[in-house]
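In listed order, ligands and their atoms are each counted from 1. Quantities reported herein were computed from a predicted structural model and do not represent experimental measurements.
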Amino acid sequence: MLQIDNLRKTFDGSRSERRSRVLAVDDLSLTAEEGQMFTLLGPSGCGKTTTLRCIAGLEHPDRGDITVGDRTLFSDERGIRLAANERGLGMVFQSYAIWPHMNVFKNAALPLEVLPRSRRLSKKEITARVERVLSVVQLDKLMDRPATNLSGGQQQRLALARALVMEPPLLLLDEPLSNLDAKLREEMRFELKRLQRELNITAVYVTHDQVEALAMSNKIAVMREGRIEQVGRPREIYERPSSRFVADFIGTSNFIDGTVESHETGDLYLVDTPHGKIRATSAADLPAGEKVAVSIRPEYVEVEKGAVPASDAVGRWSGVVETRAFLGESVDHVIRVGELEMRARCHPSLSFPPDTEVTITLQEKMCSLIPTDE
Ligand SMILES: Nc1ncnc2c1ncn2[C@@H]1O[C@H](COP(=O)(O)OP(=O)(O)O)[C@@H](O)[C@H]1O
Ligand SMILES: [Mg+2]
């Protein structure tokens with residue numbers, strides 16, 4: 001549906017930096033399938049907005065190709081560059097501007113009313129479309145209300161309605177929820193996801209919030225310094241981060257340095273670490289002796305009372321509880337294993353006071369290998 005190949009965008013560096021160019025998007029390629037919510041996730045300044053603006057036609061890329069369906073929107077090689085208003089894409093930005101002197105209906109209708117004469121719809125058609133889209137975002141009861149008398153969440157839905165009324169093949173969303181307060185943001189997450197699924201919209205969603213990305217996306221591309229570091233389904237990104245950057249950025253993780261001892265069956269490896277042996281998975285082909293880090297999330301570190309019996313298995317280590325913190329839905333423990341501090345997130349029914357001797361079990365399927373050369 002959306003295909004981007006080798007997109008590159010640089011900006012003039014500021015005078016004080018005395019740098020020639022800022023590399024905002026660096027050889028980025030991606031494919032979003034029809035009906036997908038495809039999310040660009042990454043820290044501030046990694047190039048998310050610039051990528052979105054290139055798709056929208058608001059920035060002129062240095063090179064690359066951008067195609068939506070069978071229409072090429074931009075290609076430096078083929079000399080194609082459609083203007084933003086010829087691309088027909090829907091856009092919702094963080095600072096969604098609604099028109100204060102118009103009511104809800106007028107706000108949603110405006111994009112249709114300003115179409116060139118050749119493409120303009122009849123008044124009846126406009127009314128039908130606007131009513132339909134307002135009912136989708138559940139603002140149909142408020143059609144006559146001045147737009148300024150809407151709550152933050154309602155204004156956000158109006159901005160969405162205005163983007164949807166054009167029935168765009170692709171919707172571009174740049175941190176559309178970041179101006180809302182925490183509770184509303186969470187509600188809108190579900191609402192936006194529901195709308196996107198119900199209307200089978202293909203969307204590119206930009207956010208720096210990993211929880212939002214995990215909750216809303218079919219696919220996530222984690223970006224770093226203008227490049228895509230990893231693409232995958234939310235669960236893949238979370239459970240199988242391919243680099244330390246991704247593992248760190250998407251929540252907390254334990255990292256255990258070690259060396260590959262042998263490749264067992266499938267994607268399973270036996271890894272030797274200073275704290276004992278452990279099994280972990282990797283899709284990559286790693287030779288024995290390769291230095292790696294094993295990454296495991298705190299919620300997959302199982303904790304039981306008492307030290308490991310002498311004859312025990314791989315992936316089970318003795319440790320001592322250092323601290324714990326009650327977090328309501330869970331109890332976080334810091335457990336010392338030799339030189340290593342492991343974080344374990346337990347169900348609130350399991351809580352071990354400091355100095356308790358415990359056994360931790362690292363589930364092999366939840367341990368992923370990541371390269372250490374970065
Ligand atoms: N108009 C601009 N002029 C100069 N530099 C820019 C401009 N827009 C973005 N940049 C730079 O490009 C990089 C990526 O920015 P941006 O795409 O806005 O990141 P994000 O949306 O991920 O926070 C940053 O280093 C930013 O300072
Ligand atoms: Mg941005």
Identify which one of Ile55, Thr67, Asp65 satisfies the side-chain contact (heavy atoms from CB on, under 4.5 Å) criterion when paired with Ile4. Ile55

Ser44 heavy atom under 4.0 Å from ligand 1: yes

Any non-hydrogen protein atom less than 4.0 Å away from atom 18 (O) of ligand 1: yes

Is atom 26 (C) of ligand 1 close to the protein, meaning a heavy atom under 4.0 Å from it? no

Taking both backbone and side-chain atoms into account, decide whether Thr49 has an N/O/S atom under 2.8 Å from the Mg ion (ligand 2). yes

Considering only heavy atoms, which of Leu41, Val22, Val206 lies nearest to atom 11 (C) of ligand 1? Val22

Does the side-chain contact (heavy atoms from CB on, under 4.5 Å) test come out yes or no for Arg162 and Leu110, once each step is laid out? CA-CA 8 Å; Arg162 216 169 41 189; Leu110 198 70; 5.5 Å; no

Any N/O pair Phe11/ligand 1 closer than 3.5 Å: no

Just need the protein heavy atom nearest to atom 12 (O) of ligand 1, so name the residue and atom and give the distance. Ala24 CB, 3.3 Å

Please tabulate, for side-chain N and O atoms in residues 164-178, each donor-acceptor pair with protein atoms closer than 3.5 Å (sequence neighbours left out).
residue	atom	partner	partner atom	Å
Glu167	OE2	Arg132	NH2	3.0
Asp174	OD2	Thr49	OG1	2.9
Glu175	OE1	His208	ND1	2.8
Glu175	OE2	His208	ND1	3.4
Ser178	OG	Gln94	NE2	3.4
Ser178	OG	Glu175	O	3.1

Got the closest protein heavy atom to atom 24 (C) of ligand 1, with its distance? Gly45 O, 3.7 Å

Using distance alone, determine whether Asp12 and ligand 1 share an N or O pair under 3.5 Å. no

What protein heavy atom lies closest to atom 15 (O) of ligand 1? Include the residue and the distance to one decimal. Thr50 OG1, 3.7 Å

Is the number of heavy atoms from other residues, nucleotides or ligands under 6.0 Å of Gln3 CD greater than 12? yes

Look up atom NZ in Lys123 and atom OG1 in Thr127, then write down how far apart they are to the nearest 0.5 Å. 6.5 Å

Output yes when Arg297 and Glu239 qualify as a salt bridge under the 4.0 Å nitrogen-oxygen rule, no when they do not. no

Can a donor-acceptor pair be found, under 3.5 Å and without considering hydrogens, that links the side chain of Ser135 to the backbone of Gln138? no

